[in-house]
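First comes the structure, then the notes that go with it.
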Amino acid sequence: MALKKPNIVIYLSDDHGWEYLGCYGNEYIQTPHLDGIAEEGIHFTHAFTPTPTCAPSRSTLYTGLYPARHGAMGNHTECHAHLKSLPSTLRELGYRVAIAGKTHVKPETLFDFEYIGGFLPKRPEHRRKYRAEGLDTGPVKRFLSSHRQENPDQPICLILGDSNPHVTWEPNKIYDPDALPLPPYIADTPIARNALTNYYQDITTMDTRIGEVDKMLETHGYTDNTLFIYTTDHGSEWPHCKWTLYDTGTRLPFIARWRGEIPADTVTDAMISHVDFFPTLIDIAGGQPSDDDDLDGKSFKKVLLGQQATFRDKIYGTHTRDGNMNVFPQRCVRDTRYKYILNLMPENRWTTHFTEVEGIPESHAEVWKSWVKKAETDPQTAQLIYLTQHHPVEELYDITMDPYEFNNLAFSAETRPILEKMRTDVRYWMRSQNDEGKREICNSN
């Protein structure tokens, strides 16, 4: 008797840096539901997106291709319409493929999910800007209930696209701003601390919502033979994070639970990329992932099941632009120790929504201005601002010694052989992708 295909439920958040979860070592943030799911399954310490911008990252998830090949290199741009994508491929394998909440991929003819629900109504006290309120779990509950009753033998692939913790963040209710440790990319000012507590709060609110979804899965009979995955599109919207190829922009939480298949309380250092997500789901759904010539990614199912300890030996990354903002295009390669970044427009001063956008209370330009003011008398903050805004043609970091990537070794004679090898690697990868660099940038707005 053939084994029944597993249900697949994916919770996809927005802008969640990997270091902001209890199970990833953060002792201050309250994420009990995600931590509990990690204890029941596996979490990856080295999961990455190849691109730290929303639409390009999600397009990679659903196509198994890097941005230069799927076409959506800049944010809010479209993929090539002729590609294969997750919805049609899993439907061919017998799945009902649905999505709730955020999609942010185009064209709709390519990403033809069954759309089952959206977002909660806006709450004035949250002063949301640039995002919806948060995933409405009501339609999710109705979908799970009706599908179980009407099509109990058909497996589902259900994607839940939340808007948490994208800005504007929810006002803090539970965190002490003076108690939170600050990562080195956040200058210590009162408004920055308040903003960080809001970010923590938004993550905790999302975690509560994940607990609600988990309870729904249990109530409606999706406890057994269901693969649950939690991940995000890219890192947090702080300077030196989102829109950059530093690990704070590209390194992600990735948690999976599949009772009876994934060993409980497993931690893996295997390096995976979002480009591997689509072929992995094809593999899990009983299909055959395409040949390497068709997809850039490959299945890491054996890592999920505890049958393999390593996966990739390097990760590639690309960032292009977000409309007329965040125009600081980069390409990179990262192995287990070093990161090499090629800046295609080093003459551009780094600016993003965070540094430029006014009118978001306790966030963005208000925070950035407090750093600029502090930099007038504090050399450490002045150095942080300089490194945030200015990037040479090449950057090289020893990530084991410098995990936040502030000490550029590109001009060190000692690491010159490493630089040259990784430079060659990136340029070869760009050619293999037909990535035209600056010319692509002009066409990606």
Side-chain angles (χ1 to χ4, degrees), residues 15 17-18 44-61 63-75 185 231-237 240-254 271-277 296-298 311-322 326-346 350 352 391-399 402-405 408 410 418-419 421-438 440-441 444:
D15 294 16
W18 74 274
F44 287 74
T45 62
H46 288 79
F48 297 87
T49 175
T51 177
T53 315
C54 183
S57 176
R58 291 164 192 261
S59 298
T60 290
L61 276 172
T63 65
L65 300 172
Y66 291 115
R69 291 191 63 206
H70 64 56
M73 295 192 73
N75 206 16
Y185 53 81
T231 190
T232 192
D233 51 0
H234 46 68
S236 60
E237 193 167 325
H240 201 76
C241 300
K242 182 179 177 179
W243 305 299
T244 79
L245 296 181
Y246 303 121
D247 274 15
T248 45
T250 61
R251 190 174 174 186
L252 313 169
F254 194 101
M271 294 176 69
I272 62 170
S273 170
H274 268 356
V275 78
D276 303 312
F277 183 79
D296 292 319
K298 53 187 179 178
F311 192 65
R312 289 186 173 271
D313 60 0
K314 65 182 72 171
I315 297 288
Y316 294 104
T318 173
H319 168 65
T320 296
R321 67 190 303 157
D322 188 347
N326 317 315
V327 185
F328 204 93
Q330 303 176 303
R331 307 291 186 263
C332 83
V333 64
R334 181 205 198 278
D335 60 24
T336 56
R337 181 170 179 181
Y338 290 101
K339 163 93 62 68
Y340 168 82
I341 299 174
L342 173 65
N343 293 303
L344 299 176
M345 289 183 171
W350 187 93
T352 72
H391 302 261
V393 174
E394 295 179 301
E395 300 174 62
L396 179 70
Y397 300 98
D398 182 341
I399 301 170
D402 178 26
Y404 288 102
E405 298 163 85
N408 185 9
I418 298 167
L419 176 80
K421 182 177 182 295
M422 299 184 91
R423 174 201 289 154
T424 300
D425 193 353
V426 163
R427 291 181 176 176
Y428 176 82
W429 175 68
M430 290 176 67
R431 286 195 298 271
S432 73
Q433 291 282 308
N434 292 318
D435 180 352
E436 299 180 356
K438 288 187 180 182
E440 289 280 7
I441 296 158
S444 64

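Computed from a predicted structure; not experimentally measured.
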Legend entry - With sequence neighbours excluded, residues passing ring pair (Phe, Tyr, Trp, His ring centres under 6.0 Å) with Tyr428: none
Inset, instruction - Could you pull out all residues at least two apart from Tyr185 that satisfy ring pair (Phe, Tyr, Trp, His ring centres under 6.0 Å)? - result: Tyr404
Inset, instruction - Output, in order, the C-alpha distance, side-chain angles, deciding distance and verdict of side chain to side chain contact (heavy atoms under 4.5 Å, CB included) for Phe48 and Arg334. - result: CA-CA 10 Å; Phe48 297 87; Arg334 181 205 198 278; 3.5 Å; yes
Restricting to non-hydrogen atoms, name the atom on [X] and the atom on [Y] that form the minimum distance, rounded to 0.1 Å.
{"X": "Gly249", "Y": "Thr49", "result": "O-CG2, 4.1 Å"}
{"X": "Met345", "Y": "Phe328", "result": "O-CE1, 3.8 Å"}
{"X": "Pro67", "Y": "Met73", "result": "O-CG, 3.5 Å"}

Donor-acceptor contact present, side-chain [X] to main-chain [Y], <3.5 Å:
{"X": "His274", "Y": "Thr232", "answer": "yes"}
{"X": "Thr231", "Y": "Pro253", "answer": "yes"}
{"X": "Asp398", "Y": "Tyr338", "answer": "no"}
{"X": "Thr248", "Y": "His240", "answer": "yes"}
{"X": "Ser57", "Y": "Pro52", "answer": "no"}
{"X": "Asp435", "Y": "Gly437", "answer": "yes"}
{"X": "Gln330", "Y": "Leu245", "answer": "yes"}
{"X": "Asp276", "Y": "Lys298", "answer": "yes"}

State which residues pass salt bridge (Lys or Arg N to Asp or Glu O under 4.0 Å) with [X]; sequence neighbours excluded, sorted by chain then number.
{"X": "Asp402", "answer": "none"}
{"X": "Glu395", "answer": "none"}
{"X": "Asp15", "answer": "Lys242"}
{"X": "Asp335", "answer": "none"}

Report yes if some heavy atom in the side chain of [X] is under 4.5 Å from a heavy atom in the side chain of [Y]; otherwise report no.
{"X": "Leu65", "Y": "Thr60", "answer": "no"}
{"X": "His234", "Y": "Cys54", "answer": "yes"}
{"X": "Phe277", "Y": "Ile272", "answer": "no"}
{"X": "Val275", "Y": "Tyr316", "answer": "no"}
{"X": "Thr45", "Y": "Arg251", "answer": "yes"}
{"X": "Met271", "Y": "Asp313", "answer": "no"}
{"X": "Thr250", "Y": "Pro50", "answer": "no"}
{"X": "Asp296", "Y": "Gln433", "answer": "yes"}

In Å, rounded to the nearest 0.5 Å, how long is the span from [atom1] of [X] to [atom2] of [Y]?
{"X": "Tyr66", "Y": "Thr51", "atom1": "OH", "atom2": "OG1", "value": "11.5 Å"}
{"X": "Arg337", "Y": "Ile418", "atom1": "CZ", "atom2": "CD1", "value": "6.5 Å"}
{"X": "Trp243", "Y": "Asn75", "atom1": "CH2", "atom2": "CG", "value": "9.0 Å"}
{"X": "Lys314", "Y": "Met422", "atom1": "NZ", "atom2": "CE", "value": "8.0 Å"}
{"X": "His70", "Y": "Leu61", "atom1": "NE2", "atom2": "CG", "value": "9.0 Å"}
{"X": "Asn343", "Y": "His391", "atom1": "CG", "atom2": "NE2", "value": "7.0 Å"}

Inset, instruction - Could you point out which residue of Phe44, Trp18, Phe311 forms a ring pair (Phe, Tyr, Trp, His ring centres under 6.0 Å) with Phe254? - result: Phe44
Inset, instruction - For side chain to side chain contact (heavy atoms under 4.5 Å, CB included), just list the numbers for Arg331 and Thr320, CA-CA rounded to whole Å, side-chain angles, deciding distance to a tenth of an Å, and then say yes or no. - result: CA-CA 9 Å; Arg331 307 291 186 263; Thr320 296; 3.9 Å; yes
Inset, instruction - Classify the side-chain pair Thr53/His319 by whether it contains a donor and acceptor separated by less than 3.5 Å. - result: yes
Inset, instruction - Check the pair Val426, Met430 against side chain to side chain contact (heavy atoms under 4.5 Å, CB included), reporting the backbone distance first and the verdict last. - result: CA-CA 6 Å; Val426 163; Met430 290 176 67; 4.0 Å; yes
Inset, instruction - Kindly determine whether Trp429 and Val333 satisfy side chain to side chain contact (heavy atoms under 4.5 Å, CB included), including the steps that lead there. - result: CA-CA 9 Å; Trp429 175 68; Val333 64; over 6 Å; no
